[in-house]
2 protein chains.
Amino acid sequence: MSTHDEILRLGDDLMRMHGFNAFSYYHLADALKVRPAAVHYHFPTKDALALSIVNRSREAFHSFSERVLLEADLQIRLKSFVRIFAENADTGKICLMGAAGADFYSLSEDTRGAVRLFVLDIIAWLTDLLDEGRQCGDFTFDGLPRTRALLIATNLAASLHMARILGKKEFQSISGQLVKDICPSKKSTKRSSSKVRGK
Amino acid sequence: MSTHDEILRLGDDLMRMHGFNAFSYYHLADALKVRPAAVHYHFPTKDALALSIVNRSREAFHSFSERVLLEADLQIRLKSFVRIFAENADTGKICLMGAAGADFYSLSEDTRGAVRLFVLDIIAWLTDLLDEGRQCGDFTFDGLPRTRALLIATNLAASLHMARILGKKEFQSISGQLVKDICPSKKSTKRSSSKVRGK
DNA sequence: CAATATACTGACTACTTAGTAAGTAGTCAA
DNA sequence: TTGACTACTTACTAAGTAGTCAGTATATTG
């Protein structure tokens, strides 16, 4: 892998693990066994790097959304989406929505625009999935598909924070229930029987 | 207000607006018209400041939870909780769960512990509210009250990121539907009629 | 009134930060 | 083989960083 690509990969890792303001050109250079000026050669300013990191994630999501088209089952498509977050929960990273959202005011207008497009891509994809799924009976939910997409995306994004703060098992609770909520298969009645209710 | 308290208030603002690594002793001192050493006098290290900021938020939540006991209606109690987030959405701030979660690995073990207790307090309060509400028919939802509490907390936390990235109106969509989802009043059937379905 | 505590200031240190400028080794094409 | 291009290095700067230490003005208290 080229230095250029390694900087992007590591920059993405650091941004989502420690935050945009918590790593420096020196950190990147040191880990990649080059001099800080080499990082500046590929990404003149830190904001140029941030922009490239965001666009790289956006491209990665596009390739995910194409790859997932091979899977006909919409519930499995949703679970593939959830699995992306599960992998991040395992490694202690948060998603780019969460990271860029937290560091939003440290980013340039250009980079904020790229973040916006990235999130809009995700919400549009989820909206389409939910809309199609509700029409064919694979998903059950109230309200607009786009609103439901926002609810699911926010659940998953912040569940990575919860995984850090309270422990990884919390991710399983959240993502498990989130899927159950909209997948109608052998569902109990909505008002719980309260027999095995826990807290 | 004492310098001590003003540092805490401003520190909380900066932490939730820009992130823990995006402000310095100089920023605090400059805004409060004192010298940086004065900030060190009250909070010797930046981590001591972070810990105090978190504990202050925890105390603020305790006083919220006591204040809200005056309100008998559980749905209104929930809406009071949602309103805290709505105010943050307006000012562009994220909540401490989101901010501390993003900067988690910049914090000491002690401070992480305080964050954990803060989040556990919130989840416990929400869990009790939901549990009590389901028993008396004010709330309707599947699964454990604690899991539902995690879902609602993650929706609200990340909705503040969404408000930054996509615009404040997204917060209204998310929080509005979130409340509708668990408040049974004059609810449409769960499988949407698809008449006015939008995207 | 003297001793003590509080809440600072001024001056400083050691280090990190993003960013620049000039030079170099290797490749590749005309 | 020359001249341009790529991918760096070395050496640097100016600014910002957390944190220290020795003082000082002002209350407070025994």
Side-chain angles (χ1 to χ4, degrees), chain A residues 1-56 99-100 102-112 114, chain B residues 1-56 99-100 102-112 114:
Chain A
M1 199 191 263
S2 69
T3 300
H4 179 97
D5 292 352
E6 289 203 88
I7 293 168
L8 280 180
R9 210 215 62 231
L10 181 59
D12 179 81
D13 272 10
L14 289 170
M15 184 157 174
R16 288 165 44 227
M17 185 68 95
H18 299 281
F20 183 64
N21 294 303
F23 73 90
S24 69
Y25 276 80
Y26 174 81
H27 293 121
L28 291 163
D30 194 52
L32 300 177
K33 315 271 190 196
V34 293
R35 300 288 129 196
V39 184
H40 278 284
Y41 169 77
H42 292 286
F43 304 96
T45 66
K46 209 180 172 190
D47 183 70
L49 175 60
L51 181 60
S52 295
I53 288 170
V54 174
N55 283 331
R56 176 178 171 274
D103 294 331
F104 204 60
Y105 301 127
S106 297
L107 307 174
S108 71
E109 270 305 319
D110 276 4
T111 304
R112 289 184 209 178
Chain B
M1 198 191 265
S2 68
T3 301
H4 179 96
D5 291 353
E6 289 204 86
I7 293 168
L8 279 181
R9 210 216 62 231
L10 181 58
D12 178 81
D13 272 10
L14 289 169
M15 184 157 173
R16 287 165 43 226
M17 185 68 95
H18 299 282
F20 182 65
N21 294 302
F23 73 89
S24 69
Y25 275 80
Y26 174 81
H27 292 120
L28 292 163
D30 194 53
L32 300 177
K33 316 270 192 200
V34 293
R35 300 289 132 196
V39 185
H40 279 283
Y41 170 77
H42 293 286
F43 304 96
T45 65
K46 209 179 173 191
D47 184 71
L49 175 59
L51 181 60
S52 295
I53 288 170
V54 174
N55 284 331
R56 176 179 171 272
D103 294 332
F104 203 60
Y105 301 128
S106 296
L107 306 174
S108 70
E109 271 305 319
D110 276 5
T111 304
R112 289 183 208 178

Distance in angstrom units between His40(B) NE2 and dT20(D) P, rounded: 8 Å

Please list all pairs meeting salt bridge (charged side-chain N to carboxylate O under 4.0 Å, His left out) that have one or both residues in residues 41-50 of chain A, counting only residues at least two apart or in different chains. none

Could you tell me how far apart Glu6(B) (CD) and dA7(C) (P) are, to the nearest whole angstrom? 14 Å

Run the side chain to side chain donor-acceptor pair (under 3.5 Å) test against Arg112(B) and tell me which residues pass, sequence neighbours left out. Glu109(B)

Okay, side chain of Asn21(A), backbone of Asn21(B): is any donor-acceptor separation there less than 3.5 Å? no

Pairs under 3.5 Å (N/O, protein and nucleotides 15-17 of chain C):
from    : atom 1 : to       : atom 2 : distance (Å)
dT17(C) : OP2    : Ser24(A) : OG     : 3.2

At a heavy-atom distance below 4.0 Å, what parts of residues 7-21 of chain A sit against DNA chain D? none

In chain order, what residues pass the side chain to side chain donor-acceptor pair (under 3.5 Å) check against Ser52(A), with sequence neighbours excluded? none

Please tabulate, for side-chain N and O atoms in residues 7-15 of chain B, each donor-acceptor pair with protein atoms closer than 3.5 Å (sequence neighbours left out).
from     : atom 1 : to       : atom 2 : distance (Å)
Asp12(B) : OD2    : Arg16(B) : NH1    : 2.5
Asp13(B) : OD1    : Lys93(B) : NZ     : 3.3

Quick test of your reading: applying side chain to side chain donor-acceptor pair (under 3.5 Å), list the pairs with at least one residue in residues 35-45 of chain B, sequence neighbours left out, ordered by first then second residue. none

Taking ring-ring contact (aromatic ring centres under 6.0 Å, His included) as the test, write out the residues that go with Phe43(A), two or more places apart. His4(A)

Between His42(B) and dC8(C), is there a side-chain N or O to OP1/OP2 distance below 4.0 Å? yes

Please name all residues satisfying side chain to side chain contact (heavy atoms under 4.5 Å, CB included) with Asp5(A), sequence neighbours left out, ordered by chain then number. Met1(A), Ser2(A)

Which heavy-atom pair separates Pro36(A) from Ala29(A) by the least distance, and what is that distance? N-CB, 3.4 Å

5' to 3', nucleotides 9-14 of chain C under a 4.0 Å protein heavy-atom cut-off (B base, S sugar-phosphate only, - none) gives BB----

Can you list everything that forms a side chain to side chain donor-acceptor pair (under 3.5 Å) with His27(B)? Sequence neighbours excluded, please. Ser24(B)

I need the CG-C1' distance between Asp30(B) and dA15(D), as an integer number of Å. 15 Å

Between Leu49(A) and Leu28(A), is there a side-chain heavy-atom distance shorter than 4.5 Å? yes

Calculate, to the nearest 0.5 Å, the distance between atoms OG1 and CZ belonging to Thr111(A) and Phe20(A) respectively. 7.0 Å

So for the helix from dC1(C)-dG30(D) to dA30(C)-dT1(D), with five pairs setting each end axis, what is the inter-axis angle to 10°? 0°

Pair Tyr26(B), Phe23(B) - check side-chain contact (heavy atoms from CB on, under 4.5 Å), show working. CA-CA 8 Å; Tyr26(B) 174 81; Phe23(B) 73 89; over 6 Å; no

